[in-house]
Amino acid sequence: MYWADELAAAASGRQVVNDSKSPSGTVHVGSLRGVVLHDAIYRALRQAGVEATFLYGVDDMDAMDSQAKLTPDAVEKYMGAPLSRVPAPEGSNAANYARHFVGEIFFRTFEPLGITPEFYWVSELYAAGRMDPYVKLALDRADRVRAIYLRVSHVERTSTWLPIQVICEQCGKIGTTYATDWNGVTVAYRCMPDLVSWAHGCGHDGRVSPLGGRAKLPWNLEWAAKWGLLGVTIEGCGKDLATAGGSRDRSDAISREVFEIEPPRNVAYEFLNVGGKKMSTSKGQGAAAHTIAEVLPPEQLRFLFLRPRPSQVIEFDPEGETIPRLFDEFDRIAAATAGREVKGELPADYERLFAYSLLGPASDVAAAAAAFRPAFAHLALLLQIPGVDIAERMEAEKGAPLTAFEAAILAERTASARAWLDSYAPERARLVIRHDAMPEEVAALDAGQRAYLAALASAAGAEKPGSGDAWQGLIFRVAADVELPSGRAFGALYTAFLGRTNGPRAGWLLASLEPAFVVERLRAAAAVAA
RNA sequence: GGGCCCGUAGCUCAACGGUAGAGCGGGGGACUCUUAAUCCCUAGGUUCAGGGUUCGAAUCCCUGCGGGCUCACCA
């Protein structure tokens, strides 16, 4: 059974699927894995007839710890402040940095993928006092929290340490304060100049109530508190958190022993690697989510994450074969789902995989599967030949007019293929007419091929073929005249113009070039000594 | 050191309890019109190693070897 369906089958009662993200920095492709995975779980639950909701939390009480998007003068002022209190970048209408991030990054990557969770803002949970019961419990049971840190993660806290991060009343920072002495109503705190390396506190000493949004729980406690408050029953996490003794173990223990609530079911998922390395914003410049989204339509992007089991690493090299192969594999699964014969082994529940890859949960799976889809690499090639009517060619390949749905797929793939050619496509996928100089590969042509090129030059000079059809006919006729197998004839042509032994339909290629240049190049190539 | 994943044809990977497959590459052939298309032939691989469970294992369990990522400060 498909992994998401298996999960759904094991669920009983109403389910709450939750995922969250700290709204700092950019989103790279890898961080989309969790989002797509949670969406698939949510859809699987609904399909299994389980009542379910899908929540997505924005951790906007987290401290600003990435200065990439701040102007230099803002760095000193806002580094360490809660993201919900950092102003949005210049030119944005958003109320604050976190809101800007959600509007600019989240909505633009989630919505096109057909993913529409209910968003919530953690800062609002605190401000409304909804987190207060958990804040109090955590402070009352600080000894238990310290014991859990020590037992689960071997992290030793001093006996005065409290699981709370106060917002400094003087400078507004949350990442720099250290709190002690909970008396049931207030805590004492100091805003430390050097508590963390990335932000500087103002040195203020104070005493404040940690309730009502004046403080936040540290990460692991906040996670567990959200589970309790929102009734979360399923929440996966990346393997960096899921490791033994790691974040998830800590939060699970806190949930059980401090808040006395059974933690949600976990689905640990692997990363998406580029070149065998974990994606990071610095390493994966070209792999930012929005960049990849230009090359991969939503359904292929969903498919990328849904095809492997969550525990499997995804190797994604946008400059390699990954992208064209992804389209081909998608098309193969679509064909199989439509009941067509397909080569190679199929995954266990390929119809489910295909259905979950579709944009809309309510999509007509059979119709989508049966639709005509142009092969990606072939389309990319055709796009590079001047004067080709893509729509016409596709109808010819399909053998019937395209439906509106198929025309939309074609348009989508055309845009993707163009973007791919502009960005990641390897050299061998690119067609470059060697206008400036004779390709050196011409030296490899044999006598028969050179004779052919010379003969074609003469024939073309005399007949002046004006269309792709005329050229193509001439190419074959001259090949027959000099008794050269057509394959070798085409090879000679591609070598002379492209420096490679194969290429697009030669007649149309030559017809798109300057006639004088074509004849000249044919003569010159024929004259090159072996 | 702990955790997870991987180790299958030259390369990339699939199959995940029932006679080991595909794509690409390579080799051979067909084609007067999709020459990166289409079609046909071609890989004889101790599925890393060793043990175990089973009527039957690449597939489950244990051990070892090799590789990758990750955690151990903060979120």
Side-chain angles (χ1 to χ4, degrees), chain A residues 20-22 24-25 30 59 61-66 80 83 149 152-156 165 174-175 195-199 216-223 238-251 268-273 275-279 307-315 317 320-322 324-325 328-329 332 342-348 350 375-382 384-385 388 393-394 396-397 428-429 431 468-481 485-491 493-494 498 500-509:
Chain A
S20 57
K21 176 108 176 76
S22 185
S24 63
D59 293 332
M61 275 289 266
D62 289 5
M64 181 87 184
D65 62 357
S66 157
L83 289 157
Y149 270 70
V152 178
S153 304
H154 308 289
V155 173
E156 191 160 5
Q165 295 174 332
I174 195 169
L195 184 69
V196 293
S197 61
W198 40 271
K216 83 182 279 289
L217 292 166
W219 158 249
N220 288 285
L221 289 101
E222 186 173 282
W223 202 4
K239 68 114 168 269
D240 53 336
L241 304 178
T243 191
S247 242
R248 181 67 180 225
D249 279 357
R250 233 145 44 217
S251 291
Y269 53 90
E270 259 288 355
F271 288 137
L272 175 146
N273 292 340
K277 300 289 177 196
K278 182 198 172 184
M279 278 297 313
R307 171 81 167 85
R309 285 183 289 274
S311 64
Q312 283 180 316
V313 184
I314 297 175
E315 293 294 343
D317 176 7
E321 295 288 298
T322 310
R325 293 266 304 267
D328 291 346
E329 179 67 358
R332 195 177 74 98
V342 137
K343 283 190 178 177
E345 296 293 327
L346 290 165
Y350 58 89
F376 184 77
H378 185 48
L379 182 60
L381 176 74
L382 292 176
Q384 297 177 80
I385 308 169
V388 170
R393 287 292 300 277
M394 289 304 136
E397 282 184 25
R428 60 197 195 82
L431 219 57
D469 269 320
W471 266 109
Q472 194 80 352
L474 188 63
I475 288 166
F476 276 100
R477 209 168 65 236
V478 174
D481 288 347
S486 55
R488 300 190 63 73
F490 279 97
L493 286 174
Y494 294 125
L498 306 172
R500 41 196 281 175
T501 56
N502 49 37
R505 296 178 84 194
W508 283 262
L509 178 70

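So that the names make sense, note that chain A is the first sequence line, chain B the second, and so on, each numbered from 1. In this text, all values refer to a predicted model and were calculated from it rather than measured experimentally.
Proximity note for D240(A) (side chain, C-beta onward) versus rU34(B), rA72(B), rU70(B): the nearest is rU70(B). Proximity note for F271(A) (side chain, C-beta onward) versus rG23(B), rC69(B), rU34(B): the nearest is rC69(B). Between rG3(B), rC5(B), rA75(B), one nucleotide has an atom nearer to the side chain of T243(A) than all others, and that is rG3(B). If you check rA75(B), rC33(B), rG68(B) against the side chain of Q472(A), the one that comes closest is rC33(B).
Between the CG atom of L509(A) and the P atom of rU34(B) there is a distance of 16 Å, given to the nearest Å. Atom C1' of nucleotide rG67(B) and atom CG of N273(A) are separated by 13 Å, given to the nearest angstrom. In this structure, the CD atom of E270(A) is 8 Å from the C1' atom of rU70(B), given to the nearest Å. For the pair E315(A) CD and rG7(B) C1', the interatomic distance rounds to 13 Å; values are reported in whole Å. Following rounding to the nearest Å, M64(A) (CE) and rA75(B) (P) show an atom-to-atom distance of 17 Å. We find that CD of E222(A) is positioned 10 Å from C1' of rA75(B), with the value rounded to whole Å. Atom CZ in R250(A) sits about 9 Å away from atom C1' in rA72(B), given to the nearest Å. Between the P atom of rA75(B) and the CG atom of N220(A) lies a distance of 8 Å, rounded to the nearest Å.
Taking the P atoms as reference points, rA22(B) lies 28 Å from rC61(B), given to the whole Å. Separation of the P atoms belonging to rC4(B) and rG50(B) is 25 Å when rounded to the nearest angstrom. Rounded to the nearest Å, the gap between the P atom of rC71(B) and that of rU38(B) is 45 Å. Rounded to the nearest Å, the gap between the P atom of rA72(B) and that of rA37(B) is 49 Å. Distance check on atom C1': rG67(B) versus rG29(B) gives 41 Å, rounded to whole Å. With both ends at atom C1', the span from rG25(B) to rC13(B) equals 14 Å, rounded to whole Å. Rounded to whole Å, the separation between the P atoms of rC16(B) and rC73(B) comes to 41 Å. rG2(B) and rU47(B) have their P atoms separated by 30 Å, with the value rounded to a whole Å.
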Can you give one letter per nucleotide of nucleotides 14-19 of chain B, 5' to 3': B if a protein heavy atom sits under 4.0 Å from the base, S if only from the sugar-phosphate, - if neither?
BSB---
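Interatomic distance, CG of L221(A) versus CZ of R250(A), reported as 10.0 Å (0.5 Å rounding). Rounding to the nearest 0.5 Å places CH2 of W219(A) at 6.0 Å from CG of D59(A).
Judged by distance alone, with hydrogens and angles left aside, K239(A) brings a side-chain donor or acceptor within reach of the base of rC69(B), the pair sitting under 3.5 Å.
A 4.5 Å side-chain heavy-atom check between I314(A) and R307(A) finds every atom pair outside the cut-off.
Here rU54(B) sits opposite no nucleotide as a Watson-Crick or G-U wobble pair (both hydrogen-bonding atom distances under 3.5 Å). Pairing of rG21(B), defined by two Watson-Crick or G-U wobble distances under 3.5 Å, is identified with rC13(B). Of all nucleotides present, only rG3(B) satisfies the Watson-Crick or G-U wobble test against rC69(B), with each distance under 3.5 Å. Look at rU34(B): it lacks any Watson-Crick or wobble partner with both distances under 3.5 angstrom.
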Go through the steps to decide whether R332(A) and L346(A) satisfy the test side chain to side chain contact (heavy atoms under 4.5 Å, CB included), and finish with yes or no.
CA-CA 9 Å; R332(A) 195 177 74 98; L346(A) 290 165; 4.0 Å; yes
Check step by step if side chain to side chain contact (heavy atoms under 4.5 Å, CB included) holds for E222(A) and D62(A).
CA-CA 10 Å; E222(A) 186 173 282; D62(A) 289 5; 4.0 Å; yes
What's the verdict on side chain to side chain contact (heavy atoms under 4.5 Å, CB included) for V342(A) and Y350(A), showing C-alpha distance, side-chain angles and the deciding distance?
CA-CA 12 Å; V342(A) 137; Y350(A) 58 89; over 6 Å; no
Before giving the answer on side chain to side chain contact (heavy atoms under 4.5 Å, CB included), spell out for L493(A) and W471(A) the whole-Å C-alpha distance, their side-chain angles and the decisive distance to 0.1 Å.
CA-CA 12 Å; L493(A) 286 174; W471(A) 266 109; over 6 Å; no
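Listed by chain and number, the residues in a ring-ring contact (aromatic ring centres under 6.0 Å, His included) with Y494(A) amount to none (sequence neighbours excluded).
Residue-level contact check: G473(A) touches the bases, meaning some heavy atom is under 4.0 Å from a base atom. Residue contacts shown for Q165(A) are limited to sugar-phosphate atoms, with no base heavy atom under 4.0 Å away.
In this structure, F476(A) counts as stacked on the base of rC33(B) under the 5.5 Å centre distance and 30° plane angle limits.
Of the possible donor and acceptor atoms, one in the side chain of S153(A) sits under 3.5 Å from a partner among the backbone N and O of G245(A).
Both A244(A) and F490(A) lie near RNA chain B, and the one whose nearest nucleotide falls closer to the 5' end is A244(A). Position along RNA chain B of the nearest nucleotide to Y494(A) versus A242(A) favours A242(A) as the more 5'-ward residue.
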